[in-house]
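Here's the structure we're looking at; comments come further down.
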Amino acid sequence: MNLRTALGVIVTIIVLAACSWIHLQNRELLSERLRAWPARTLSAQEEPLPPGAPDALVWELPVGHALLGTFGLGALLILLGWSVRSAKQVSKQAGVSRDRNTQRKISQSLTDGLEALLHDKPQEALTAMQQVLEHEPKHSRALLFGADALRGLGRPGEAQELRRRLLEDDPTNERALFGLADDQVALGDGQAAATTLGQLAEGTSELSRIAARRLREVELERGELDAALTAHDRHQKLRKKHGVSTREGEDEADRIRRALETRKALQDAELGRTSDAQSALKKVLSKDPGYAPARLALGQALLADGREDEALKIYQEGYERTREGAMLVAAERCFLDEPGEEGNEVERTAHALSTFRRFAQGDGPRHQAVAFLGKLYTRLEMLDDAAATFDSVRDSFPDNPTFTYYAARIAQAQGRHEEAADWFRAIVKSLAVLRLRYRCTRCEVEIDEYTDRCPGCGRFGAVTLDLGMRELHQPLPAARPVYETVGAAAGEGSDASPETTA
């Protein structure tokens with residue numbers, strides 16, 4: 001027996017004892033009769049009741065019975081109230097238990113769904129989130145993760161609908177807005193994605209900073225370069241606000257801005273605004289003279305204006321600063337794509353030779369420039385010069401099939417057929433015949449054409465010509481300057497006849 005029960009028994013005994021004592025002390029009073037209402041007056045036609053007969057018109061009750069009835073009625077009301085209250089408590093406890101079980105199931109389904117998403121199992125994740133939504137159709141996390149699972153299954157339209165359901169109740173939900181923008185990108189609606197990200201980027205949170213960066217990428221893909229620059233500036237402002245700006249980050253941000261300005265200038269050039277494009281590119285180069293994409297773009301714009309000499313000078317200055325082989329490729333295309341006027345072939349050939357000799361001259365490593373000069377000698381059938389040039393840099397490009405091909409052609413033309421056959425066999429094994437390769441200096445991805453931005457890691461200005469070159473610590477030996485022709489070394493002229501086929 002616990003304390004509460006014992007107290008209840010004691011109180012009951014005391015109450016009963018008190019009631020017994022009151023009854024004994026007031027027995028006469030309790031035996032008296034109570035009238036519920038007075039007797040009514042008899043009419044003249046009614047006969048009076050005989051003496052001693054009970055008055056049928058009067059309802060009488062002993063005082064003790066009335067008191068017990070009153071106590072009984074009060075106890076009954078108390079018992080009824082207690083029963084109703086107990087029933088409510090039982091019902092409430094049952095509801096709480098049901099809710100607890102439901103919440104436990106919801107929590108388990110959310111955990112299972114999130115784990116499935118993390119293990120790249122979107123269908124399992126979607127099933128788990130649907131179970132949650134059956135109990136709570138507006139559960140925010142279930143709507144959010146369910147939309148992520150749908151996009152993972154390639155159903156961005158349905159994902160978008162789930163996110164809109166979430167945004168109906170919480171229009172400022174940043175995660176839902178960010179996911180909605182990704183859904184819109186997946187649906188090919190760049191304009192809607194830009195609008196959504198722009199709304200999110202107007203905030204000041206960390207996710208707003210990420211949204212500004214994503215907006216920059218979306219606008220870049222859409223070709224809206226002015227908007228991309230605005231988004232880039234917004235991203236930088238938020239980076240500084242959140243204290244994530246570092247020297248390395250500032251340098252990368254400046255590189256991205258230069259890249260966007262360069263692309264904007266190229267866009268202007270395509271639209272015929274060549275003077276604006278050239279001015280913008282020169283402004284970029286004044287900030288960073290070694291930014292290769294801007295220099296290549298400026299050369300391209302100058303060529304479009306027919307200013308070939310200025311373009312070649314830009315390429316030469318760029319190679320001096322950066323040793324970027326793409327400058328050599330651009331200069332080579334000047335002479336291959338624009339052969340010159342008819343009857344001016346000799347002058348054009350001399351111009352090409354002098355240009356590439358300038359590339360090959362000077363201090364510092366110039367193995368790429370020397371190799372390109374060798375290519376030019378080969379095209380002009382200046383085989384001795386070509387052989388000497390390639391021999392001087394052969395060890396720098398042990399794996400490049402393009403220069404192996406030129407070496408084989410030279411050997412074949414000079415009658416060294418066995419050696420030529422060996423070179424050609426090497427080309428067949430290399431699997432990259434006559435193709436220049438470009439490589440990202442950051443992520444090492446290889447691509448076929450030069451671009452100002454790596455398609456792998458997205459870094460601007462990181463793509464460079466890859467010739468399989470090894471850096472040599474000692475200067476390369478050469479019997480004579482590689483830019484000097486054999487005939488010039490012997491005091492004789494050199495016959496140069498342009499080659500009709502490569």
Side-chain angles (χ1 to χ4, degrees), residues 120 151-152 154 156 178 181-191 193-194 197 210-229 231-232 235-236 248-249 251-270 277 281 284 288 290-301 315 318 322-330 332-333 368 399-402 430-469:
D120 197 21
R151 190 171 69 235
F178 198 90
D182 284 340
D183 296 336
Q184 291 164 339
V185 169
L187 289 169
D189 193 350
Q191 176 61 53
L197 289 169
I210 299 173
R213 183 177 63 191
R214 183 75 176 100
L215 177 60
R216 180 185 67 199
E217 299 302 315
V218 170
E219 297 290 17
L220 183 58
E221 292 173 5
R222 295 177 61 223
E224 298 293 335
L225 296 172
D226 286 327
L229 282 164
H232 174 73
H235 175 247
Q236 289 308 106
E248 183 180 356
D251 292 342
E252 180 64 16
D254 290 342
R255 179 184 291 270
I256 292 174
R257 171 163 262 287
R258 290 192 294 270
L260 294 175
E261 290 172 345
T262 298
R263 287 200 172 190
K264 179 66 171 61
L266 284 172
Q267 190 179 72
D268 289 340
E270 291 174 0
L281 291 168
V284 172
D288 185 2
Y291 187 59
R295 194 167 289 277
L296 289 166
L298 179 56
Q300 181 180 337
Y315 295 145
T322 65
R323 296 294 187 270
E324 173 54 62
M327 304 292 174
L328 301 171
V329 176
E332 185 180 49
R333 286 176 177 170
Q368 296 179 101
D399 302 319
N400 188 273
T402 300
S430 69
L431 301 179
V433 181
L434 295 177
R435 188 180 68 202
L436 292 174
R437 295 174 298 173
Y438 295 86
R439 175 179 55 82
C440 176
T441 58
R442 183 176 188 180
C443 68
E444 299 299 324
V445 68
E446 292 186 359
I447 55 178
D448 294 331
E449 292 291 336
Y450 180 83
T451 178
D452 64 336
R453 189 181 195 188
C454 173
C457 65
R459 185 182 179 88
F460 284 100
V463 176
T464 185
L465 183 67
D466 179 22
L467 302 178
M469 182 174 67

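Just so we're clear, the structure is a prediction, and the values are computed from it rather than from any experiment.
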- Indicate yes or no: does K264 engage D268 in a salt bridge with an N to O separation below 4.0 Å. yes
- Write down the atom of V185, the atom of A193, and the distance for their closest heavy-atom approach. CG2-CB, 3.5 Å
- Note on the structure: Correct closest heavy-atom pair for T322 and G290 would be CG2-O, 3.2 Å
- Note, F178 side chain near I210 side chain (heavy atom, < 4.5 Å): yes
- Message: With heavy-atom distances below 4.5 Å as the criterion, would you say the side chains of R439 and V463 are in contact?
- Response: no
- How many angstroms lie between atom CG of D189 and atom CD of Q184, to the nearest 0.5 angstrom? 6.0 Å
- Query: Mind checking whether C454 and V445 have side chains closer than 4.5 Å, heavy atoms only?
  - Reply: yes
- Message: Is it the case that atom CD in Q300 sees more than 12 heavy atoms from other parts of the structure closer than 6.0 Å?
- Response: no
- Message: Testing the 3.5 Å rule here: is there a donor-acceptor pair between the side chains of R216 and H232?
- Response: yes
- Message: Within 45 degrees of the ring normal and closer than 6.0 Å to the centroid, is that where the cationic atom of R258 sits relative to Y291?
- Response: yes
- For the residue pair A294 and V284, what are the closest heavy atoms and their distance? CB-CG1, 3.7 Å
- Message: Tell me whether D448 is salt-bridged to R437, with the criterion being a basic N under 4.0 Å from an acidic carboxylate O.
- Response: no
- Report the distance from atom CG of L197 to atom CD of E219, rounding to the nearest 0.5 Å. 8.5 Å
- Message: Could you report the tightest heavy-atom contact between G461 and P293, atom names first, then the distance?
- Response: CA-CG, 4.0 Å
- Inspect the contact between E261 and R257 and indicate whether a charged nitrogen and a carboxylate oxygen are less than 4.0 angstrom apart. yes
- Any E252 side-chain heavy atom under 4.5 Å of R459 side chain: yes
- Item | Gap separating the CZ atom of R263 from the CG atom of D452, nearest 0.5 angstrom | 4.0 Å
- Are the charged groups of R255 and D288 less than 4.0 angstrom apart, N to O? no
- Query: Considering only heavy atoms from C-beta outward, does the side chain of R453 approach that of L220 to under 4.5 Å?
  - Reply: yes
- Task: Can you see which heavy atom on G318 is nearest to which on R295, and at what distance?
- Result: CA-CD, 2.9 Å
- Begin with the C-alpha distance, continue with both residues' side-chain angles, and end with the deciding distance and a verdict on side-chain contact (heavy atoms from CB on, under 4.5 Å) for L296 and Y315. CA-CA 7 Å; L296 289 166; Y315 295 145; 4.0 Å; yes
- Query: Once you round to the nearest 0.5 Å, how far does CG of L266 lie from CG of L225?
  - Reply: 9.5 Å
- Please tell me if the side chains of F460 and T262 come closer than 4.5 Å, counting only heavy atoms from C-beta onward. no
- Going through the checks in order, is the side-chain contact (heavy atoms from CB on, under 4.5 Å) test met by R222 and Q191? CA-CA 8 Å; R222 295 177 61 223; Q191 176 61 53; 2.8 Å; yes
- Query: Shortest non-hydrogen contact from E444 to T441?
  - Reply: OE2-O, 3.9 Å
- Task: Quick one: pull up OH in Y438 and CD1 in I447 and give me the separation to the nearest 0.5 Å.
- Result: 8.5 Å
